[in-house]
Peer 1: 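Once you've had a glance at the structure underneath, I'll fire off some questions.
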Amino acid sequence: MEELLLIPGPVAVAPDVLEAVGSPMRDHRGPRTKAVFDRLFTQMQEIFQTREQVLILASSGTGGLEAALVNVLSPGDRVVAAPIGYFGDRFANIARAYGARVEVLPTQWGERTDVAALRAMLRADTRAEIKAVLLTHNETSTGGCDDVEALAAARGDHPALLLVDSVSGVGAVESKMDEWGLDVVVTASQKALGGVPGAAMIAFSSRAWQAAETATMPRFYFDARTARTSAAKGQTPYTPPVSVLLGLERAADNYLQEGRSAAFARHARYASAVRAGCTALGLEIFARPEARSNTVTTVRAPEGIDVPAWRQALRERHGVIVGGGLAKLEGKVIRIGNMGALRSADFDRAFAALGHTLRDLGAGVDVEAGRQAVEAALAPAASAL
Ligand code: PMP
């Protein structure tokens, strides 16, 4: 039975991307690799919607978040973190680990950051002590999405830098780095762009590059200035994950051929089908309606259903792999991702499996209703709307 990978990253990877990953090894500083870097840099500028140099790090997304912080901040700097879930908490924790004084703008999991509260916090800081605001574009734990555009606008003329974790956002949801005035944006290869894990992509605004000149948080491997110098030569300072990048180049090719808007629409269509299917099965979607992600849906398990047993049944009887809950949501929810190389038929299969496993485990669900809701949401007429 072929596995259907529906976790919110790493995602299912297209065959041509896997083929590129399997290419013979090459000189990482030779002309053929330089050509790959030069292409990737251009592709990433288009994907990030920025004119700035996008750097590629040999790291998962978390290394990208660390790089975002250590390159623009100094120990003791006042930082506002606006976590909306587990990954936002992680971003704040990395800042603390490097000695930032982190103030949290609290938000209930499943909700969005209160734009007015952020605006008020920045306005009250008349001495401009707040050096950075940490945002999560798409919160993969709660299935939430923050309104980064509105939050960026709320900064007004306060000089705080906006650092954005868009690990599960870039590529799937609109993210206009330059137009919105975002200062550091981070994403990773194994999410919406459909690559394999191993690369983080990060871009700095000109203000962030200025901050990098005076920032004193310790950094070496993730020093963006070294990476920028190497990027100008079509290289990275240290050995790049060559195979990952060959795959990413192909994945980005596929992505740009589809087109950004079409890719956003695809993610929106798949996510709305997942939400419709879950609702028809009587499952409660965790995130508030106005805060829902287009890349991952977090749903509560029905009363009396053991989540590990449910996920095991999905995996073993149907080959369907979904994510579990993180931190305080562990054992309470499952997470269904809709990024990567998926087709409409995959959601039909997934919802048949979700419905049947729930019924087998004793939940009173209408399996056909779930499938029909998904089918209706993915029908050509619905997607043309
Ligand atoms: N932030 C978000 C929003 C994520 O979804 C993830 C990965 N699930 C991370 C950060 C961490 O990325 P990685 O696991 O690649 O280090």
Side-chain angles (χ1 to χ4, degrees), residues 5-13 44 48 55-70 81-97 107 109-113 133-148 151 162-175 182 184-203 221-222 241 244-245 247-248 251 267 271 286-287 291-298 321-330 333-340:
L5 189 61
L6 288 180
I7 60 173
V11 300
V13 174
M44 290 304 148
F48 275 62
L55 303 173
I56 298 177
L57 310 173
S59 157
S60 77
T62 303
L65 298 181
E66 187 159 325
L69 294 160
V70 298
I84 56 171
Y86 173 81
F87 289 104
D89 287 346
R90 180 184 294 177
F91 206 4
N93 283 335
I94 304 170
R96 287 189 190 100
T107 301
W109 282 25
E111 294 182 9
R112 285 177 160 196
T113 303
V133 178
L134 315 185
L135 303 176
T136 312
H137 195 169
N138 187 86
E139 179 47 76
T140 324
S141 61
T142 60
C145 194
D146 222 340
D147 190 348
V148 169
L151 291 164
L162 290 176
L163 277 46
V164 184
D165 170 353
S166 197
V167 169
S168 61
V170 161
V173 291
E174 188 63 274
S175 177
L182 312 180
V184 188
V185 176
V186 178
T187 195
S189 50
Q190 79 278 20
K191 302 278 184 179
L193 300 178
V196 299
M201 285 74 78
I202 183 167
Y221 189 69
F222 288 136
V244 173
L245 299 184
L248 186 62
H267 287 94
F286 182 78
R292 288 179 183 166
S293 159
N294 275 346
T295 66
V296 52
T297 301
T298 298
I321 318 295
V322 299
L326 296 170
K328 62 188 174 192
L329 294 182
E330 189 180 348
V333 300
I334 62 164
R335 294 178 303 137
I336 306 168
N338 60 265
M339 295 174 279

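As the structure lists them, so they are numbered: ligands from 1, and atoms in each ligand from 1.
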Peer 1: Can you tell me how far apart OG1 (Thr298) and CD1 (Ile334) are? Round to the nearest 0.5 Å.
Peer 2: 9.0 Å
Peer 1: Look up atom OG1 in Thr107 and atom CZ in Arg112, then write down how far apart they are to the nearest 0.5 Å.
Peer 2: 11.5 Å
Peer 1: State the atoms of ligand 1, each with its element, that fall below the 4.0 Å cut-off from a heavy-atom position in Arg90.
Peer 2: 11 (C)
Peer 1: Has Lys191 got any heavy atom lying under 4.0 angstrom from an atom of ligand 1?
Peer 2: yes
Peer 1: For atom 4 (C) of ligand 1, what's the nearest protein heavy atom and its distance?
Peer 2: Thr140 OG1, 3.4 Å
Peer 1: Given Ser166, which partner from the list Val186, Val185, Leu135 fulfils the side-chain contact (heavy atoms from CB on, under 4.5 Å) test?
Peer 2: Val185
Peer 1: Tell me whether Ala188 has any N or O atom under 3.5 angstrom from an N or O of ligand 1.
Peer 2: no
Peer 1: Considering the heavy atoms of Ser168, write down every atom of ligand 1 situated less than 4.0 Å from one of them.
Peer 2: 3 (C), 5 (O)
Peer 1: Exactly one of Val184, Leu69, Ile94, Asp165 should register a side-chain contact (heavy atoms from CB on, under 4.5 Å) with Leu134. Which one does?
Peer 2: Leu69
Peer 1: How many angstroms lie between NE2 in His137 and SG in Cys145, if you round to the nearest 0.5 Å?
Peer 2: 4.5 Å
Peer 1: Among Met339, Lys191, Gln190, which one satisfies side-chain contact (heavy atoms from CB on, under 4.5 Å) with Pro10?
Peer 2: Gln190
Peer 1: Can you figure out which of Asn138, Val296, Ile84, Thr62 has its heavy atom closest to atom 11 (C) of ligand 1?
Peer 2: Thr62
Peer 1: Between Asp165 and ligand 1, which part of the residue brings a heavy atom under 4.0 Å of the ligand: side chain, backbone, both or neither?
Peer 2: side chain
Peer 1: Is it the case that Asn93 and Arg90 place a side-chain donor and acceptor less than 3.5 Å from each other?
Peer 2: no
Peer 1: Counting from 1, what ligand 1 atoms have a heavy atom of Ser60 closer than 4.0 Å?
Peer 2: 13 (P), 15 (O), 16 (O)
Peer 1: Heavy atoms only, cut-off 4.0 Å: how does His137 contact ligand 1, side chain, backbone, both, or neither?
Peer 2: neither
Peer 1: Please say whether Thr136 places an N or O atom under 3.5 Å from an N or O atom belonging to ligand 1.
Peer 2: no
Peer 1: Name the closest protein heavy atom to atom 6 (C) of ligand 1, giving the residue it belongs to and the distance to 0.1 Å.
Peer 2: Phe87 CE2, 3.5 Å
Peer 1: Please identify which of these residues, Val11, Asn138, Thr140, meets the side-chain contact (heavy atoms from CB on, under 4.5 Å) condition with Thr295.
Peer 2: Asn138
